[in-house]
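A short write-up of the structure that comes next.
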Protein chains: 2
Amino acid sequence: MAVLEDRGHRSTAPRRAIIRFLQGKQEGFTAEEIGRELPDVGRATIFRTVKLLLKAGVICRLNLPDGAPKYSLSRVEHHHHTVCVRCGNVGEFRAATIERLMRAIGGDIPGEAVGHRIELHIICNQCLLEADSR
Amino acid sequence: MAVLEDRGHRSTAPRRAIIRFLQGKQEGFTAEEIGRELPDVGRATIFRTVKLLLKAGVICRLNLPDGAPKYSLSRVEHHHHTVCVRCGNVGEFRAATIERLMRAIGGDIPGEAVGHRIELHIICNQCLLEADSR
DNA sequence: CGAGATACCGATACTCAGTATCAATGAACC
DNA sequence: GGTTCATTGATACTGAGTATCGGTATCTCG
């Protein structure tokens, strides 16, 4: 909640509103969605705040398989995302094995490895159910 | 070369020009870059052709860490990308270990795994050199 | 080869995510 | 309470990609 103050930013009404809105969010969200939910907050401010939260590590950005941008709360520090190729819902997962493996691969590749990003494309349970019942 | 004809598309001058241009490309490229190189080809046609080549599997789309879109030739069927966080150049790699691991993780996660995408963020050798010499 | 159907073209106008600008406001700190 | 300066919203812009549409070129078939 005091993520921004901790980083030397001011606590303003729009910022509080955005953070409060995101607090409940289980699924990923788009910037446009925030705007729809908080019509009193200017568009620019939404993007500015999203950027701050990104830098603070509170949320993270990912792309759906078609490239559409989406954000999600970072519940755990280092993690990766599952994204449903049907409905676009995103989830998180961690796997220590991956981290070890990526470090090993980083050593085999020219240049210095500084990080990675992994997206697991799935069809989520709900979409599977809907497909069945059709 | 006859990728498009093989899929029932027509062989037209703009398409041939784009494919010929991409043939040489080692690094990743953007749509805008194609347009700069082939000013006689309309913008819409570039995006249309890029989309066809994507569907045909000839090229693939990826995002730089900041979300900027980029394309790269698919030299091998299933592969992943390294992207330099300094200069944005992209490379390819494969690692059978990853594929096995991702399949295992897919089994542990609710829903049906259908694919994945992995980006390894690096600082490429050239950027390392430049950083040293400064 | 000639002709017709239609896939494809370029120009243009649009959408969508995100950024730049700028005058007005309101946190923070004294 | 007053001052400073980060922040705001409005607005205009950029960059990637899509929709539309009248005109053109490719493919196919006779």
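All chains are named by letter (A, B, ...) in the order of the sequence lines, taking the proteins before the strands, and each is independently numbered beginning at 1.
- Mapping B:Arg15 and A:Ala31 onto DNA chain C via the closest heavy atom, the residue that lands nearer the 5' end is B:Arg15.
- In this structure, B:Val41 reaches the sugar-phosphate backbone alone: every heavy-atom distance under 4.0 Å involves primed, P, OP1 or OP2 atoms, never a base.
- Look at B:Tyr71 and you won't find any side-chain N or O under 4.0 angstrom from OP1 or OP2 of D:dA16.
- Of the candidate nucleotides C:dC9, D:dA25, D:dG9, D:dA25 has the atom nearest to the side chain of B:Arg10.
- The interatomic distance linking A:Asn63 (CG) with D:dG17 (C1') rounds to 14 Å, in whole Å.
- A donor and an acceptor atom sit less than 3.5 Å apart, one in the side chain of B:Arg48 and one in the base of C:dG10.
- With D:dT7, D:dA10, D:dG17 as the candidates, the nucleotide lying closest to the side chain of A:Ala44 is D:dA10.
- Side-chain N/O atoms of B:Arg61 include one lying less than 4.0 angstrom from OP1 or OP2 on D:dG17.
- Salt-bridge formation is not detected for the pair B:Arg43/B:Glu32: no Lys NZ or Arg NE/NH1/NH2 atom is positioned less than 4.0 Å from an Asp or Glu carboxylate oxygen.
- The stretch residues 40-78 of chain A participates, sequence neighbours left out, in these ring-ring contact (aromatic ring centres under 6.0 Å, His included) pairs: A:His78-A:His80, A:His78-A:His116.
- What separates CG of B:Asp40 from P of C:dG10 is a distance of 9 Å, to the nearest Å.
- Atom NZ in B:Lys70 sits about 15 Å away from atom C1' in D:dG15, given to the nearest Å.
- Checked by atom type, the side-chain pair B:Ser74/B:His79 shows no donor-acceptor distance below 3.5 Å.
- Salt-bridge annotation for B:Glu33 and B:Lys25: present, with a side-chain N of the basic residue lying under 4.0 Å from a carboxylate O of the acidic one.
- Of the side-chain N and O atoms in A:Thr45, one or more sit less than 4.0 angstrom from OP1 or OP2 of D:dG9.
- Each of B:Glu32 and B:Ala13 has a nearest nucleotide on DNA chain D; the 5'-most of these lies closest to B:Glu32.
- Between B:His9 atom NE2 and C:dA7 atom P there is a gap of 11 Å when expressed in whole angstrom units.
- Evaluation of atom-type donor-acceptor distances gives no pair under 3.5 Å for the side chain of B:Arg43 against the base of D:dG15.
- To the nearest angstrom, P of C:dA17 lies 11 Å from CG of A:Leu64.
- The CZ atom of B:Phe47 sits 18 Å away from the P atom of C:dC14 (whole-angstrom rounding).
- In A:Gln126, the CD atom is not crowded: 12 or fewer heavy atoms of neighbouring residues, nucleotides or ligands sit closer than 6.0 Å.
- Using a 4.0 Å heavy-atom distance criterion, B:Thr30 is classed as making no nucleic acid contact.
- The distance between atom CD1 of B:Ile34 and atom C1' of D:dA16, rounded to the nearest whole Å, is 13 Å.
- A:Ile19 has its CD1 atom 14 Å from the C1' atom of D:dT7, to the nearest Å.
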